[in-house]
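A quick note: this is a predicted structure, and the numbers were derived from the prediction, not measured.
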Amino acid sequence: MNSTGRVSSGNGYHSSTGTYTRWPEFLGRRLGAYRGPRKLSVVDAGIGGNRVLTDVPNLWQGVSALKRFGHDALGQPGVKDVILFEGINDIGNNAGPDGRPLTAQDLINGYRTLIDEAHAAHVNVVGATLMPDEGNGYFTPAAEAIRQNVNQWIRTGGAFDGVIDFDRTMRDPANPAALEPAYDSGDHIHPNDAGMKTMADAIDLRLLRT
(Lines give C-alpha, C1' and ligand atoms only; values in the text may rest on other atoms or scores of the structure.)
Protein backbone atom coordinates (compact mmCIF):
# COMPACT_ATOMS: atom_id res chain seq x y z
CA MET A 1 0.00 0.00 0.00
CA ASN A 2 1.12 3.56 -0.65
CA SER A 3 -0.53 6.91 0.06
CA THR A 4 -0.07 10.37 -1.62
CA GLY A 5 -0.41 13.88 -0.73
CA ARG A 6 0.01 11.90 0.31
CA VAL A 7 0.41 8.62 -1.64
CA SER A 8 0.75 5.28 0.15
CA SER A 9 3.03 2.62 -1.37
CA GLY A 10 4.75 -0.77 -1.56
CA ASN A 11 7.67 -2.79 -0.38
CA GLY A 12 11.04 -2.63 -2.11
CA TYR A 13 12.47 -6.03 -1.22
CA HIS A 14 15.59 -6.87 -3.27
CA SER A 15 16.32 -3.28 -4.25
CA SER A 16 19.83 -2.16 -3.30
CA THR A 17 20.21 -1.57 0.43
CA GLY A 18 20.59 2.04 1.53
CA THR A 19 20.28 3.53 -1.95
CA TYR A 20 16.66 4.73 -1.84
CA THR A 21 15.82 2.83 -5.00
CA ARG A 22 12.48 1.31 -4.07
CA TRP A 23 9.69 2.27 -6.44
CA PRO A 24 7.90 4.50 -3.89
CA GLU A 25 11.12 6.45 -3.47
CA PHE A 26 11.50 6.89 -7.22
CA LEU A 27 7.85 7.99 -7.25
CA GLY A 28 8.51 10.48 -4.47
CA ARG A 29 11.30 12.06 -6.49
CA ARG A 30 9.04 12.30 -9.53
CA LEU A 31 6.35 13.99 -7.46
CA GLY A 32 8.92 16.39 -6.01
CA ALA A 33 9.85 17.53 -9.50
CA TYR A 34 6.26 17.66 -10.77
CA ARG A 35 5.02 21.14 -11.66
CA GLY A 36 1.59 20.88 -10.09
CA PRO A 37 -0.33 23.43 -8.01
CA ARG A 38 0.93 21.79 -4.81
CA LYS A 39 3.47 19.18 -3.79
CA LEU A 40 2.59 15.60 -2.92
CA SER A 41 4.62 13.26 -0.76
CA VAL A 42 4.74 9.47 -0.49
CA VAL A 43 4.21 7.31 2.57
CA ASP A 44 5.45 3.77 2.01
CA ALA A 45 3.22 1.40 3.98
CA GLY A 46 4.37 -1.74 2.19
CA ILE A 47 5.39 -4.80 4.22
CA GLY A 48 7.29 -7.68 2.62
CA GLY A 49 5.23 -10.86 2.65
CA ASN A 50 2.03 -9.08 3.73
CA ARG A 51 -1.37 -10.29 2.54
CA VAL A 52 -4.70 -8.65 1.83
CA LEU A 53 -7.02 -11.16 3.43
CA THR A 54 -5.19 -13.07 6.16
CA ASP A 55 -2.59 -12.44 8.83
CA VAL A 56 0.89 -13.89 8.34
CA PRO A 57 2.16 -15.96 11.30
CA ASN A 58 5.46 -14.04 11.27
CA LEU A 59 5.19 -10.78 13.20
CA TRP A 60 7.43 -8.91 10.76
CA GLN A 61 5.10 -9.62 7.83
CA GLY A 62 2.16 -8.08 9.58
CA VAL A 63 -1.53 -8.47 10.01
CA SER A 64 -3.71 -8.42 6.92
CA ALA A 65 -4.32 -5.32 4.85
CA LEU A 66 -7.97 -5.59 5.87
CA LYS A 67 -6.90 -5.03 9.48
CA ARG A 68 -4.16 -2.44 9.00
CA PHE A 69 -5.57 -0.35 6.15
CA GLY A 70 -7.35 2.16 8.38
CA HIS A 71 -4.23 2.91 10.40
CA ASP A 72 -1.39 2.44 7.91
CA ALA A 73 -3.00 4.11 4.89
CA LEU A 74 -6.17 6.02 5.70
CA GLY A 75 -4.77 7.21 9.02
CA GLN A 76 -1.88 9.11 7.43
CA PRO A 77 -2.26 12.89 7.88
CA GLY A 78 -3.57 14.58 4.74
CA VAL A 79 -3.90 11.37 2.73
CA LYS A 80 -5.68 11.89 -0.59
CA ASP A 81 -4.83 8.79 -2.60
CA VAL A 82 -3.79 5.22 -1.94
CA ILE A 83 -1.99 3.03 -4.45
CA LEU A 84 -3.11 -0.49 -3.61
CA PHE A 85 -0.49 -2.97 -4.83
CA GLU A 86 -0.97 -6.13 -2.82
CA GLY A 87 -2.26 -9.65 -3.33
CA ILE A 88 0.55 -11.76 -4.75
CA ASN A 89 1.32 -13.16 -1.29
CA ASP A 90 -2.30 -14.24 -0.89
CA ILE A 91 -2.05 -16.01 -4.26
CA GLY A 92 1.38 -17.54 -3.75
CA ASN A 93 0.42 -18.96 -0.36
CA ASN A 94 -3.05 -20.03 -1.57
CA ALA A 95 -4.29 -18.23 1.54
CA GLY A 96 -8.03 -17.86 1.38
CA PRO A 97 -10.34 -16.82 4.22
CA ASP A 98 -10.98 -19.29 7.05
CA GLY A 99 -8.06 -21.48 6.03
CA ARG A 100 -9.53 -22.54 2.70
CA PRO A 101 -7.92 -22.29 -0.74
CA LEU A 102 -7.94 -18.84 -2.31
CA THR A 103 -10.18 -17.86 -5.19
CA ALA A 104 -9.95 -14.79 -7.40
CA GLN A 105 -13.31 -13.67 -6.03
CA ASP A 106 -11.94 -13.78 -2.47
CA LEU A 107 -9.23 -11.32 -3.40
CA ILE A 108 -11.64 -9.14 -5.38
CA ASN A 109 -13.96 -9.04 -2.36
CA GLY A 110 -11.03 -7.93 -0.21
CA TYR A 111 -10.18 -5.15 -2.63
CA ARG A 112 -13.80 -4.01 -2.66
CA THR A 113 -13.81 -3.79 1.14
CA LEU A 114 -10.67 -1.61 1.12
CA ILE A 115 -12.05 0.58 -1.66
CA ASP A 116 -15.30 1.10 0.26
CA GLU A 117 -13.38 2.05 3.41
CA ALA A 118 -11.25 4.52 1.47
CA HIS A 119 -14.22 6.11 -0.26
CA ALA A 120 -16.00 6.48 3.08
CA ALA A 121 -12.95 8.48 4.19
CA HIS A 122 -12.98 10.54 0.93
CA VAL A 123 -9.74 8.93 -0.25
CA ASN A 124 -9.17 7.72 -3.81
CA VAL A 125 -7.78 4.24 -4.43
CA VAL A 126 -5.61 3.49 -7.46
CA GLY A 127 -5.30 -0.24 -8.12
CA ALA A 128 -2.06 -1.77 -9.39
CA THR A 129 -2.06 -5.04 -11.28
CA LEU A 130 -0.02 -7.93 -9.88
CA MET A 131 3.26 -8.66 -11.62
CA PRO A 132 4.27 -12.02 -13.14
CA ASP A 133 6.31 -14.53 -11.15
CA GLU A 134 7.01 -17.60 -13.28
CA GLY A 135 10.23 -19.22 -12.04
CA ASN A 136 9.50 -18.32 -8.42
CA GLY A 137 8.17 -20.85 -5.91
CA TYR A 138 4.85 -18.99 -5.85
CA PHE A 139 4.12 -19.93 -9.44
CA THR A 140 1.71 -22.71 -10.35
CA PRO A 141 -0.76 -22.85 -13.23
CA ALA A 142 -3.63 -22.49 -10.75
CA ALA A 143 -2.01 -19.47 -9.08
CA GLU A 144 -1.36 -17.90 -12.47
CA ALA A 145 -5.01 -18.30 -13.40
CA ILE A 146 -6.02 -16.43 -10.24
CA ARG A 147 -3.50 -13.67 -10.94
CA GLN A 148 -4.79 -13.25 -14.48
CA ASN A 149 -8.42 -13.13 -13.34
CA VAL A 150 -7.65 -10.64 -10.60
CA ASN A 151 -5.66 -8.43 -12.96
CA GLN A 152 -8.46 -8.46 -15.49
CA TRP A 153 -10.88 -7.30 -12.80
CA ILE A 154 -8.50 -4.56 -11.65
CA ARG A 155 -8.25 -3.30 -15.25
CA THR A 156 -11.90 -3.52 -16.20
CA GLY A 157 -14.00 -3.83 -13.04
CA GLY A 158 -14.43 -0.08 -12.60
CA ALA A 159 -14.15 -0.26 -8.81
CA PHE A 160 -10.82 1.57 -8.54
CA ASP A 161 -10.47 5.30 -9.14
CA GLY A 162 -7.57 4.59 -11.49
CA VAL A 163 -5.32 1.73 -12.57
CA ILE A 164 -1.54 1.29 -12.82
CA ASP A 165 -0.71 -1.70 -14.99
CA PHE A 166 2.52 -2.98 -13.45
CA ASP A 167 1.87 -6.37 -15.04
CA ARG A 168 2.05 -5.03 -18.59
CA THR A 169 4.96 -2.76 -17.74
CA MET A 170 7.12 -5.41 -16.10
CA ARG A 171 6.39 -8.67 -17.92
CA ASP A 172 8.65 -10.34 -20.46
CA PRO A 173 7.13 -9.78 -23.93
CA ALA A 174 8.40 -13.21 -24.94
CA ASN A 175 6.88 -14.88 -21.87
CA PRO A 176 4.16 -12.77 -20.22
CA ALA A 177 3.99 -15.07 -17.18
CA ALA A 178 7.54 -14.01 -16.22
CA LEU A 179 9.26 -10.77 -15.32
CA GLU A 180 11.28 -8.99 -18.01
CA PRO A 181 14.82 -10.38 -17.38
CA ALA A 182 16.32 -6.86 -17.35
CA TYR A 183 14.08 -6.04 -14.37
CA ASP A 184 14.45 -9.33 -12.45
CA SER A 185 16.45 -9.20 -9.20
CA GLY A 186 17.12 -12.91 -9.60
CA ASP A 187 14.26 -14.45 -7.63
CA HIS A 188 11.78 -14.02 -10.52
CA ILE A 189 9.29 -12.03 -8.43
CA HIS A 190 11.02 -8.92 -7.03
CA PRO A 191 12.35 -6.25 -9.41
CA ASN A 192 15.90 -4.96 -9.34
CA ASP A 193 16.71 -1.24 -9.13
CA ALA A 194 16.06 -0.72 -12.85
CA GLY A 195 12.74 -2.47 -12.48
CA MET A 196 11.81 -0.33 -9.49
CA LYS A 197 12.46 2.84 -11.48
CA THR A 198 10.45 1.49 -14.39
CA MET A 199 7.52 0.85 -12.07
CA ALA A 200 7.62 4.41 -10.73
CA ASP A 201 7.95 5.84 -14.24
CA ALA A 202 4.88 3.87 -15.35
CA ILE A 203 2.61 5.74 -12.94
CA ASP A 204 0.54 8.47 -14.56
CA LEU A 205 0.85 11.32 -12.08
CA ARG A 206 -2.51 12.64 -13.22
CA LEU A 207 -4.07 9.75 -11.28
CA LEU A 208 -2.95 11.44 -8.06
CA ARG A 209 -4.77 14.49 -6.84
CA THR A 210 -2.57 17.53 -7.25
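- N136 places a side-chain N or O within donor-acceptor distance of the main-chain N or O of Y138, the cut-off being under 3.5 Å.
- Partners of S64 under the side chain to side chain donor-acceptor pair (under 3.5 Å) rule, at least two apart in sequence or in another chain, do not exist in this structure.
- A search for side-chain contact (heavy atoms from CB on, under 4.5 Å) contacts involving D184 returns L179, D187, H188, not counting sequence neighbours.
- Counting all heavy atoms, side chain and backbone alike, A143 lies closest to I91 at O-CG2, 3.5 Å.
- For the pair T169 (side chain) and M199 (backbone), a donor-acceptor distance under 3.5 Å is absent.
- Distance check: N94 CG to T103 OG1 gives 9.5 Å after rounding to the nearest 0.5 Å.
- Placement of I115 and V52 within a single hydrophobic cluster is found when ILVMFWY residues are connected by side-chain heavy-atom separations under 4.5 Å, directly or transitively.
- With sequence neighbours left out, N151 forms a side-chain contact (heavy atoms from CB on, under 4.5 Å) with T129, L130, R147, I154, R155, D167.
- Put simply, M131 and Y183 are part of the same group of oily side chains (I, L, V, M, F, W, Y) that touch within less than 4.5 Å, one to the next.
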Item to complete: Would you please test K80 and L208 for side-chain contact (heavy atoms from CB on, under 4.5 Å) and show each step?
Response: CA-CA 8 Å; K80 297 296 183 184; L208 308 176; over 6 Å; no
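- The shortest heavy-atom contact between N89 and N93 is O-ND2, 2.8 Å.
- How far CD1 of I203 is from OG1 of T198: 11.5 Å, rounded to the nearest 0.5 Å.
- Partners of D55 under the salt bridge (charged side-chain N to carboxylate O under 4.0 Å, His left out) rule, at least two apart in sequence or in another chain, are K67.
- Here the closest non-hydrogen pair linking A45 and D72 is CB-O, 3.8 Å.
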Run the side-chain donor-acceptor check on residues 118-125: report pairs under 3.5 Å with partners two or more places apart or on a different chain.
{"from": "H119", "atom 1": "NE2", "to": "D161", "atom 2": "OD1", "distance (Å)": "3.3"}
{"from": "H119", "atom 1": "NE2", "to": "D161", "atom 2": "OD2", "distance (Å)": "2.7"}

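- Sorted by first then second residue, the salt bridge (charged side-chain N to carboxylate O under 4.0 Å, His left out) pairs that include residues 107-130, not counting sequence neighbours, number zero.
- Ring geometry for Y111 against W153 counts as parallel: the plane angle stays under 30°, on a 0 to 90° scale with 60° as the upper cut.
- When the side chain to side chain donor-acceptor pair (under 3.5 Å) test is applied to D98, no partner is found at least two apart in sequence or on another chain.
- Under a 3.5 Å cut-off, the side chain of R51 and the backbone N or O of Q61 do not form any donor-acceptor pair.
- Partners of Q148 according to the side-chain contact (heavy atoms from CB on, under 4.5 Å) rule, which considers only residues two or more places apart in sequence or in another chain, are E144.
- At distances below 3.5 Å, not a single donor-acceptor pair connects side-chain atoms of D90 with backbone N or O atoms of L107.
- For N109, the side chain to side chain donor-acceptor pair (under 3.5 Å) partners two or more places apart in sequence, or in a different chain, are Q105.
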Discussion item. As a quick check of understanding, evaluate salt bridge (Lys or Arg N to Asp or Glu O under 4.0 Å) for R68 and E86, giving each step before the final call.
Written reply: CA-CA 13 Å; R68 69 188 187 91; E86 186 159 359; 3.8 Å; yes
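- Here the straight-line distance linking atom CD1 of I164 with atom CZ of F85 works out to 9.5 Å at 0.5 Å rounding.
- A single hydrophobic cluster is seen to contain both L114 and V163, as judged by linkage of ILVMFWY side chains at heavy-atom distances under 4.5 Å, directly or through other members.
- Legend: residues meeting side-chain contact (heavy atoms from CB on, under 4.5 Å) with P97, ordered by chain and number and at least two apart, are L53, R100, D106.
- For the residue pair D44 and G46, the shortest heavy atom distance occurs at OD1-N, 2.9 Å.
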Discussion item. Could you walk me through whether V82 and V126 satisfy the side-chain contact (heavy atoms from CB on, under 4.5 Å) test, starting with their C-alpha distance in whole Å, then the side-chain angles of each, then the deciding distance to 0.1 Å, before giving a yes or no?
Written reply: CA-CA 6 Å; V82 171; V126 178; over 6 Å; no
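- D204 places a side-chain N or O within donor-acceptor distance of the main-chain N or O of R206, the cut-off being under 3.5 Å.
- A chain of hydrophobic side-chain contacts below 4.5 Å, direct or via other Ile, Leu, Val, Met, Phe, Trp or Tyr residues, connects F160 to I108.
- Rounded to the nearest 0.5 Å, atoms NE2 (H190) and CD1 (I88) are 9.5 Å apart.
- By the 4.5 Å heavy-atom criterion applied to side chains, I83 and V42 are not counted as neighbours.
- Residue P176 comes nearest to P132 through the heavy atom pair O-CB, 3.5 Å, listed as atom of the first residue, atom of the second, then distance.
- Judged purely by atom type and a 3.5 angstrom limit, R30 uses its side chain to pair as donor or acceptor with the backbone of A200.
- Both L207 and M170 are assigned to one and the same hydrophobic cluster, defined by single-linkage of ILVMFWY side chains at heavy-atom distances under 4.5 Å.
- Remark: D201 pairs with K197 by the side chain to side chain donor-acceptor pair (under 3.5 Å) rule, at least two apart or across chains.
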